Amino acid sequence: MSDNENNRHDSDVLIAGAGPVGQVLALLLSQHGLRVSVVERWAQPYPLPRAVAMSHDVQRVLRQLGLGEELAEMIEPWGLDGHRFVVQDASGRTLAESGVTLDSESGLANMSGFSQPELEQLLERRVQADPRIEQHRGFTLESLSDDGSGVTATIRAHTGLAPVPGGELRTLRAAYAVGCDGANSTVRSLLGLEMTDLGFDRDWLVVDVVPHTPPTWLPFACQRLGPARPTTLVPAGPGRRRWEFMIMPTDDQDDVDTPENAWRLLEPWGIHRDNAELVRQARYTFRGRWVTEWRRGRVVLAGDAAHQMPPFMGQGFNSGIRDAANLAWRLALLVEGMGRESLLDDYAAERGTQVAQIVEQTVLIGQMFCMTDPEECARRDAGLKSLAHLNVQEESQNWLLRGGTLQDDGIGGSLGLQATVGTKTRTALLDEIITPPCFVLLGRDSDPLDRLSPAMQADWQRLGGRSAYFGLGGLTDTEGKYAPWFERLNASIVVIRPDFQVFGGVLDPSTTDGLVQGLAERVLTDNCPGMPTSDRSETLATKD
Ligand SMILES: Cc1cc2nc3c(=O)[nH]c(=O)nc-3n(C[C@H](O)[C@H](O)[C@H](O)COP(=O)(O)OP(=O)(O)OC[C@H]3O[C@@H](n4cnc5c(N)ncnc54)[C@H](O)[C@@H]3O)c2cc1C
């Protein structure tokens, strides 16, 4: 191919895999104005339940895509009255319990139950209706090469379980490629990327049920511990329940994932054919591993392609959507020719450290939940009993560790608060006022834009940033949550990134220039070509 042909791209970003992570990333990139190709081997979204727990920050990402109304109808907030998480010993006696936290720093339920197939159908409708996204469903990615100025992929027609021998072959070229192709990622294997594996490898039977009437005798969420048969019970979206039964060596391995076995295991919980419908039962191996290299050249990994973890903390899907949110604005800046190449290394560093920490925590919990040695179990149960009251959901999953595209000031890396604010014309959650997602300078009591020198104003405009502040002529802190938040951060001005993470902040407003300069140095390339396509730099609430 000549240089000219090399630089002709069918799309800005090629995404392999149309699971939830690929679809959300495609929609986010389109929101930034990018053209996207999505390659997916199956003709339809995967129809069976998988993830059931959606974190508040992930809900925020989906709401920013304009999915809020439909999402509200398909999720069930956790943490209402009577919602408790119970840990039981093998005989069903409560060892410890915890309330379920309702509040979060996103102004939304900390966790909500949902059905992954319903969400995937919603994402699919949006993707199909989006003129900037071209889907190649029924095609499998076969090869991928990166020549430094773009990536070239070949994809082959795929039906049933395999590519069609001699079937239609298409060649696609894009500026960047993202492997969102799940746990057995083709992109990961084509690149020969290694994984750090914690060696956790347990088979469980995952059973999804729709009870005919609410099963009021069951705990809201429960972990029944071994030695007999470790079992997890969780709500799985409106009207649904999920059981996860550890598969024991004494089980008849040929019979374990049959409907008959599922009903047999459900019987002691008071669930049977007369009072519930069995949606599915599937044997599933819980693993703890993540890719050591998230990025090679113009190819990046996200979602299950980059990490897998046991579902005990409900963080697999959530981590994948966080990957997509963290990556989308970086790719947008790179495609626009304004971003530094190091943005993708920062992606790898930020997501890599957070994911490794979550997988390690989940595996530790998994090791405790999967114990079957009677003596070890007795010691563990005694320890848990002495705790009696757990606080299972207090710890935020949203902190990004040091490094990456963050200011190292003890503020950078936290999740930006979302609460209700008032403008001249309406009252709404902050993300609904600042939409679409962009860099935001948020001031405690004065307009941060007034503090910027002309040079930094220009950089702020290149970044497509907006500003907002509380006080006269600005936003109203309707719920009174922002004042204490600024107090806690010991800041009067903060920069929030398009993925809602705080870049950093300053206490003295006269140092705002340095804050924006720090951001520009980490994000913008030295030879930035003029202004962004959309000049969004403005102050909110003076206009709204
Ligand atoms: C039983 C179970 C329970 C779970 N529970 C939870 C939970 O409670 N909470 C949670 O957060 N997570 C949970 N998870 C994890 C969650 O479902 C996954 O993290 C999530 O589906 C990952 O999304 P993804 O888009 O990265 O990958 P996937 O959903 O796996 O999508 C990858 C896509 O890539 C396609 N693909 C693969 N190779 C190719 C190729 N060569 N060419 C073209 N297309 C290709 C596949 O067909 C697939 O559609 C659970 C998972 C399972 C299995």
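Everything numeric in this text was worked out from a predicted model, so none of it was measured. Numbering of ligands and ligand atoms starts at 1, following listing order. The first residue in the sequence is number 1, and the count goes up from there.
Contact analysis leaves Arg156 out of contact with ligand 1, as no non-hydrogen atom separation drops below 4.0 angstrom.
Residues satisfying the side chain to side chain donor-acceptor pair (under 3.5 Å) test with Arg188, not counting sequence neighbours, are none.
Ring centroid separation for the pair Trp204 and Tyr284 does not come in under the 6.0 Å cut-off. Between Phe369 and Phe312, the distance from one ring center to the other falls under 6.0 angstrom. Between His307 and Trp294, the gap from one ring centroid to the other is short of 6.0 Å.
The distance criterion of under 3.5 Å between nitrogen or oxygen atoms is not met by Tyr284 with respect to ligand 1. Distances between N or O atoms of Val52 and those of ligand 1 include at least one value under 3.5 Å. The shortest N/O to N/O separation between Gly316 and ligand 1 falls below 3.5 Å. At a 3.5 angstrom cut-off on N or O pairs, Val21 counts as close to ligand 1. For ligand 1, one of its N or O atoms has an N or O atom of Phe317 under 3.5 Å away. When only interatomic distances are considered, the shortest N/O to N/O separation between Glu120 and ligand 1 does not fall below 3.5 Å. Distances between N or O atoms of Trp42 and those of ligand 1 include at least one value under 3.5 Å. Of the N or O atoms in Leu141, one or more lie within a sub-3.5 Å distance of an N or O in ligand 1.
With respect to atom 27 (O) of ligand 1, the closest heavy atom belonging to the protein is Gly182 CA, 3.8 Å. Atom 30 (O) of ligand 1 has as its closest protein heavy atom Arg50 NH1, 3.2 Å.
A side-chain hydrogen bond (donor to acceptor under 3.5 Å, both in side chains) with Asn326 is found for one member of Arg351, Gln354, Glu350 and no other, namely Glu350.
Enclosure of atom CD in Gln128 by more than 12 non-hydrogen atoms of other residues, nucleotides or ligands within 6.0 angstrom is indicated.
Proximity annotation for atom 26 (O) of ligand 1: of Val207, Leu301, Asp304, Leu205, Asp304 comes nearest, heavy atoms only. In the candidate list Gln44, Glu244, Arg242, Arg242 is nearest to atom 3 (C) of ligand 1, counting heavy atoms. Residue nearest to atom 33 (C) of ligand 1, selected from Arg41, Gln23, Glu40: Glu40 (by heavy-atom distance). Comparing heavy-atom distances from atom 5 (N) of ligand 1 across Ser189, Pro20, Ala51 singles out Ala51 as nearest. The closest non-hydrogen atom to atom 9 (N) of ligand 1, taken over Gly19, Cys180, Ala324, Gly314, comes from Gly314.
Between Asp147 and Arg173 a salt bridge is recorded (basic side-chain N to carboxylate O distance below 4.0 Å).
No side-chain donor-acceptor contact under 3.5 Å links Arg287 to the backbone of Phe200.
The shortest heavy-atom contact between Leu144 and Ala177 is CD1-CB, 4.2 Å.
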